[in-house]
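I have placed the structure first, in the form of structure tokens, so that the comments after it can refer back to it.
Nothing here was measured: the structure is a model prediction, and the numbers come from that model. Just so it is clear, the values below take in all heavy atoms, side chains as well, and ignore hydrogens, waters and symmetry mates. Remember, it's 1-based here, ligands and their atoms both numbered in the order they're listed.
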Amino acid sequence: MTRISRIVLAAALALAAGANARAAETGWKLERAGVDVTDRASLQSGARTFVNYCLGCHGLALMRYSALTSIGLTEEQIKDNLMFTADKVGQPIATAMSARQGKEWFGVAPPDLSVIARARGADWLYTYLRTFYRDASTPTGWNNALFPNVGMPHVLWSLQGERALRTEELMRDGKPVSDGHGGTVKVSRFETIAPGSMSAVEYDRTVRDLVAFLVWAGEPHQLARHQLGIWVLYALVILVFLTYFLYKSYWKDLH
Ligand code: HEC
């Protein structure tokens, strides 16, 4: 291994460890995202939410706007409705914010989200985008149950509304339940402070579509691969039949 590649490897490992150390401490339960990357309407809705609510800070630098044609959008639709940070569809979906600005404004530069779904998983993203709550003690005024003290504010708050996180001891027969280690079992629940423009069901669907889009963006060729897989299966079935008939006709005269 060359010296450069050792440095790159060490940096990558440190980054990965750092991200996990900061984000993996809570035992917050992940919820199933249930995304369907073959549902084009869902992917298109996710793309819309992404450019409207995320692109201001996060890019998808590994993807070009033109790639959105493979989820069923025309170049016209892309240009008219989705292209805010470029003037040619062949350009990458980059954010207008520089890493330096991001670091100045939020303390941490918002990472590029091209492969975030592969790094975190769909369920993590789905849970993360649904567990923001009001917290007066953080610089942004927001906190996150899954990713405590995250530098990102709740950018979808106008849709979900504002919520507080209440943590209490779990009571049984009027007494706190022991956790077996000298402490008590705590339970957390969200309480609505102000409703958003969407119902909980609508909000969950919007987030699911957004996560589906990020899963697709992490591996845009998966759609083509699924389709190819189906044709390969058909071809195999036909081949099995052909072989069978060939076998039959070959042995017919020999019995
Ligand atoms: C106002 C700027 C801003 C906007 C808009 C924004 N984010 Fe973020 N985001 C951040 C910052 C800053 C961080 C880094 C937080 C940290 O590491 O503490 C972040 C972190 C994240 C992470 C965690 C990355 C990791 O460490 O694994 C995800 C996922 C994410 N954002 C998704 C989104 C999505 C999806 C949207 C659109 C709905 C969005 N963000 C909109 C600023 C923003």
Quiz item: Going by the atom numbers of ligand 1, which of them fall below 4.0 Å from some non-hydrogen atom of Leu113?
Solution: 32 (C), 33 (C)
Quiz item: ligand 1 and Val155, any nitrogen or oxygen pair closer than 3.5 angstrom?
Solution: no
Quiz item: Salt bridge or not for Glu191 and Arg189, using N-O below 4.0 Å?
Solution: yes
Quiz prompt | Asn144 side chain to Pro148 backbone, donor-acceptor under 3.5 Å | solution = no
Quiz item: Going by the order shown, which atoms of ligand 1 are within less than 4.0 Å of some heavy atom of Leu210?
Solution: 35 (C), 38 (C)
Quiz item: Taking the minimum heavy-atom distance to atom 29 (C) of ligand 1, which of Leu214, Leu125, Thr49 ranks first?
Solution: Leu125
Quiz item: Does ligand 1 have any atom that is closer than 4.0 Å to a heavy atom of Gly102?
Solution: no
Quiz prompt | Within 45° cone and under 6.0 Å: Arg130 NZ/CZ vs Phe132 ring | solution = no
Quiz item: What atoms of ligand 1 come within less than 4.0 Å of a heavy atom belonging to Phe147?
Solution: 17 (O), 26 (O)
Practice problem: Pick one of side chain, backbone, both or neither for how Ala119 approaches ligand 1, counting any non-hydrogen atom pair under 4.0 Å. | Solution: neither
Quiz item: Are the side chain of Arg208 and the backbone of Ala33 linked by a donor-acceptor contact shorter than 3.5 Å?
Solution: yes
Practice problem: With side-chain hydrogen bond (donor to acceptor under 3.5 Å, both in side chains) as the test, would you mind laying out the steps for Thr184 and Lys186 before giving the verdict? | Solution: CA-CA 6 Å; Thr184 53; Lys186 307 273 195 308; 3.3 Å; yes
Quiz prompt | Among Arg120, His154, Met152, closest by any non-hydrogen atom to atom 39 (C) of ligand 1 | solution = Met152
Quiz prompt | Location of contacts on Val150 toward ligand 1, heavy atoms closer than 4.0 Å | solution = both
Practice problem: Give a yes or no on whether His58 keeps an N, O or S atom under 2.8 Å from atom 8 (Fe) of ligand 1. | Solution: yes
Practice problem: Measure from the ring center of Trp28 to the ring center of Phe190 and say whether it is less than 6.0 Å. | Solution: yes
Quiz item: Run the side-chain contact (heavy atoms from CB on, under 4.5 Å) check on Thr69 and Thr74 step by step: do they pass?
Solution: CA-CA 6 Å; Thr69 52; Thr74 64; over 6 Å; no
Quiz prompt | For atom 12 (C) of ligand 1, the option (of Leu146, Val108, Asn144) bearing the nearest heavy atom | solution = Val108
Practice problem: Determine whether the side chain, the backbone, both or neither of Tyr128 has a heavy atom under 4.0 Å from any heavy atom of ligand 1. | Solution: side chain
Practice problem: Take the angle between the ring planes of Trp124 and Tyr128 and call it parallel below 30°, perpendicular above 60°, tilted in between. | Solution: parallel
